[in-house]
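Let me begin by presenting the structure, written as structure tokens, before commenting on it.
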Amino acid sequence: MGSFFSKEPVNRPTQYGASYGSPEKPTRKRKFEFQGATPSTIESKTAFSHPRTDEKTTEVDAAPDGNVHRYIVTCSTIFWCTRKDIVKLLSKVDDMPPYGGLHKITKWDHFFIAFPNEKCAKLGVDCLSKNEYRGELWKVRETTEHSAKRMRIDDTVARSRENTDTMAKGVCLSAADVTAKWRNVGYEEQITRKKRKWANALQLVTKNLHREIRKEGRIQWLDDLRRSCDKKGSPECCPLVDVLRAEKQGERNFYRNKNEFTIGFSPDGCGMGHKYHVSELTIGYALGLVRNGQVFVSPVDENCSTTSKASIEVAKCLTPVLRSLNMPPYDKRTHKGYWRQITCREGVRTGELIVSVVVNPFDKDDTEIEKRTTREADGECRTAVVEALKTYFGTNKKLGVFWQTSNHISAVSSDIPALHLYGIEGLHEEICGLRYRIQPTAFFQVNTLMAERMYGLLGDLAGVNKNTVVFDVCCGTGTIGLSLAGRAHSVVGIEMNESAVEDAVNNARLNGIQNATFIRGKVEHRIHDAIKEVPGDKDCVAILDPPRAGLPMNVVAAVRGMRSVKRIVYVACEPNNFWKNALGFLRPRSKAFRLEPFRPVKAYGIDLFPHTDHGELAVLLERNGVQIA
Ligand SMILES: C[S@@+](CC[C@H](N)C(=O)[O-])C[C@H]1O[C@@H](n2cnc3c(N)ncnc32)[C@H](O)[C@@H]1O
């Protein structure tokens with residue numbers, strides 16, 4: 001029996017040749033401790049022999065002092081990167097003490113490395129995280145149970161792992177690491193990294209288009225581009241003209257107008273040699289680890305430089321209140337427990353703040369007495385939360401408090417009714433000179449100030465005039481279309497989220513806009529109904545702002561098949577997925593993809609999410625043969 005990682009710290013790897021360490025070939029024993037079983041020793045072939053996946057055990061690393069020592073780091077690389085490469089990289093680190101357990105699953109792009117202590121793990125993380133592949137830095141992080149799941153170990157082992165106290169070790173992520181992982185990276189460097197990512201997304205279009213159309217004929221602009229490019233590899237399909245940078249304080253720091261906090265226990269005693277202790281109830285960000293059904297939560301604080309200050313204050317104000325109420329947080333495994341989540345949404349321009357508390361009503365198996373007790377406690381909790389927030393914010397914020405009960409697996413869902421307890425009943429925001437009402441579950445861009453600048457840019461890219469119809473696909477609360485309605489002939493929006501469409505219609509009315517129509521439904525089902533609303537004799541620009549996965553291909557084909565659409569502005573929130581939809585617009589005409597293809601003209605990067613590795617890419621596509629002023 002063995003485990004997934006080599007166990008003890010071993011000497012610096014030497015079996016790969018003299019260049020990686022001392023000439024001595026280390027011999028070592030792998031030591032395992034089983035829960036409830038006698039420790040045994042197994043002779044290992046080499047210092048870095050692959051742990052055998054048929055060996056199932058609960059793993060504990062016992063150092064000579066008897067303490068439990070291990071920091072497992074997972075590192076995403078390219079799948080052809082070998083252990084030898086990693087060893088070579090780590091061998092360049094000064095003061096790197098012996099480490100062990102370098103493990104890679106065949107044909108996987110992840111390594112697992114077990115470091116003996118925190119210092120060593122930090123050195124390793126620093127060294128590996130500087131490497132990049134296709135403009136994206138390797139993701140290196142500490143890991144525990146999650147990795148085990150991803151390694152597809154069987155459930156029994158996973159569960160037995162979950163039950164060991166040792167599972168909590170290695171957790172040293174903080175709330176700030178979860179939400180603002182680049183907070184310590186200079187802004188220039190953040191932009192440089194994002195530029196690489198955007199450029200890579202544009203290269204993927206060229207590369208995949210070239211590969212895809214080989215049998216279908218030629219594309220003149222693609223041939224010219226490839227010929228003119230002396231770079232090795234694929235050129236970008238169009239120039240990345242500029243980047244919309246977050247310059248002002250409210251654009252770059254503490255910018256998120258929507259923050260969802262989990263309520264749970266924070267892991268106490270993270271790290272070497274400590275046992276897991278449940279600390280006090282905490283409001284913050286889930287670390288993605290579950291132990292005995294409890295999600296680990298790291299408290300939110302000012303280091304979370306993307307979270308709005310008002311939301312941080314809500315967490316600080318409510319933490320002692322929730323602790324004093326003596327109700328347990330929700331347990332994912334038993335579905336018992338009470339507190340689940342707190343969502344804060346703010347109108348940055350209007351100073352409005354809506355706090356929604358999500359609780360678990362009670363388990364269906366609860367006895368009548370338990371239900372009655374929960375019901376009574378529920379009333380007490382509501383009053384205490386409202387009073388605390390009222391006292392804390394006084395007249396500084398226009399406050400609204402909502403209460404939601406959810407026994408769904410996921411705490412939030414658009415169909416959970418929200419009970420209004422106090423203050424304002426809806427949230428308003430002002431953007432591009434218009435006032436918007438936003439329902440709790442409707443999508444709204446999280447960085448209000450940057451979103452406003454993005455909408456301005458999209459309007460310019462779209463080249464809208466009084467003869468243009470704006471076709472706003474995946475329109476959310478209608479913000480893009482409505483911000484352009486004043487200069488357009490008309491706006492047609494389509495969106496699947498019911499409350500967002502309701503908001504879009506009401507927002508048009510609220511702002512006296514009469515030339516906007518919104519269609520509710522999944523775009524893949526209702527695209528043809530939406531197209532009927534677009535007058536065929538007008539110039540039409542389609543603005544596509546889909547979710548991260550992109551649009552279904554039937555939608556791409558339908559938009560391409562609209563004769564009136566001469567320009568497309570595609571907003572990709574996952575730039576690396578852009579090529580998939582782009583191919584449908586750019587490939588030569590066929591039975592499935594009718595009419596003349598488009599060609600990419602220019603692209604802009606938009607730093608909507610500073611301090612994170614996310615950013616939007618806006619690309620202008622133009623129908624072949626159409627000239628844009
Ligand atoms: C990135 S948001 C863009 C929202 C809007 N353009 C804005 O800037 O506020 C994507 C939107 O697409 C919607 N959506 C996701 N899948 C959809 C689908 N299959 N059909 C229609 N809308 C969808 C989501 O509800 C969300 O509002």
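First listed ligand is number 1; within each ligand, the first listed atom is number 1. All residue numbers in this chain count up from 1 along the given sequence.
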Looking at [atom], what's its closest protein heavy atom, distance included?
atom	value
atom 3 (C) of ligand 1	Asp545 OD2, 3.2 Å
atom 19 (N) of ligand 1	Glu524 OE1, 2.9 Å
atom 8 (O) of ligand 1	Tyr455 OH, 2.9 Å
atom 15 (C) of ligand 1	Pro547 CG, 3.4 Å
atom 20 (N) of ligand 1	Val523 N, 2.8 Å
atom 26 (C) of ligand 1	Glu495 OE1, 3.6 Å
atom 14 (N) of ligand 1	Met496 CG, 3.9 Å
atom 5 (C) of ligand 1	Cys475 O, 3.4 Å

Query - Side chain, backbone, both or neither: the part of Val571 lying under 4.0 Å from ligand 1 by heavy atom - result: neither

Query raised in the report: What part of Pro552, side chain, backbone, both or neither, has a heavy atom within less than 4.0 angstrom of ligand 1?
Result: neither

Report task. Applying side chain to side chain donor-acceptor pair (under 3.5 Å) between Glu622 and each of Arg567, Arg599, Lys566, report the one that passes. Result -> Arg599

Query raised in the report: His611 and side chain to side chain donor-acceptor pair (under 3.5 Å): which partner among Asn184, Asn253, Thr179?
Result: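 Exactly one pass, corresponding to Asn253.
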
Requested in this report: From the options Leu621, Leu202, Leu620, select the one residue that forms a side chain to side chain contact (heavy atoms under 4.5 Å, CB included) with Cys238.
Outcome: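 Considering Leu621, Leu202, Leu620, a side chain to side chain contact (heavy atoms under 4.5 Å, CB included) with Cys238 is found only for Leu202.
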
Query raised in the report: Is any side-chain N of the basic residue among Lys397 and Glu352 closer than 4.0 Å to the acidic one's carboxylate O?
Result: no

Requested in this report: Answer yes or no for Thr477: is there a heavy-atom contact with ligand 1 below 4.0 Å?
Outcome: no

Query raised in the report: Hey, is Ala442 one of the residues with a heavy atom under 4.0 angstrom from ligand 1?
Result: no

List the atom pairs, with distances to 0.1 Å, where a side-chain N or O of residues 419-426 and a protein N or O form a donor-acceptor pair under 3.5 Å, not counting sequence neighbours.
unit_1: His420; atom_1: NE2; unit_2: Tyr422; atom_2: O; d: 3.0
unit_1: His420; atom_1: NE2; unit_2: Gly423; atom_2: O; d: 2.8
unit_1: His420; atom_1: NE2; unit_2: Ile424; atom_2: O; d: 3.3

How about [X] and [Y]: does a side-chain donor come under 3.5 Å of a side-chain acceptor?
X	Y	answer
Tyr255	Ser305	no
Asp607	Tyr187	yes
Gln341	Thr343	yes
Asn259	Ser311	yes

**Report entry** Within-cut-off N or O pair, Lys522 and ligand 1, under 3.5 Å
**Finding:** no

Query - Close N or O approach (Ile494, ligand 1; < 3.5 Å) - result: no

Within a distance under 4.0 Å of any heavy atom of [X], pick out the atoms of ligand 1 and give their elements.
X	value
Gly476	4 (C), 5 (C), 27 (O)
Thr479	7 (C), 8 (O), 9 (O)
Pro546	1 (C)

Report task. For residues Tyr330 and Tyr338, establish whether the separation of their ring centroids is below 6.0 Å. Result ->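 Distance test on ring centres: not under 6.0 Å, no.
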
Report task. Under the side chain to side chain contact (heavy atoms under 4.5 Å, CB included) rule, what do Glu502 and Phe518 come out as? Steps first, then yes or no, please. Result -> CA-CA 9 Å; Glu502 230 172 78; Phe518 293 97; over 6 Å; no

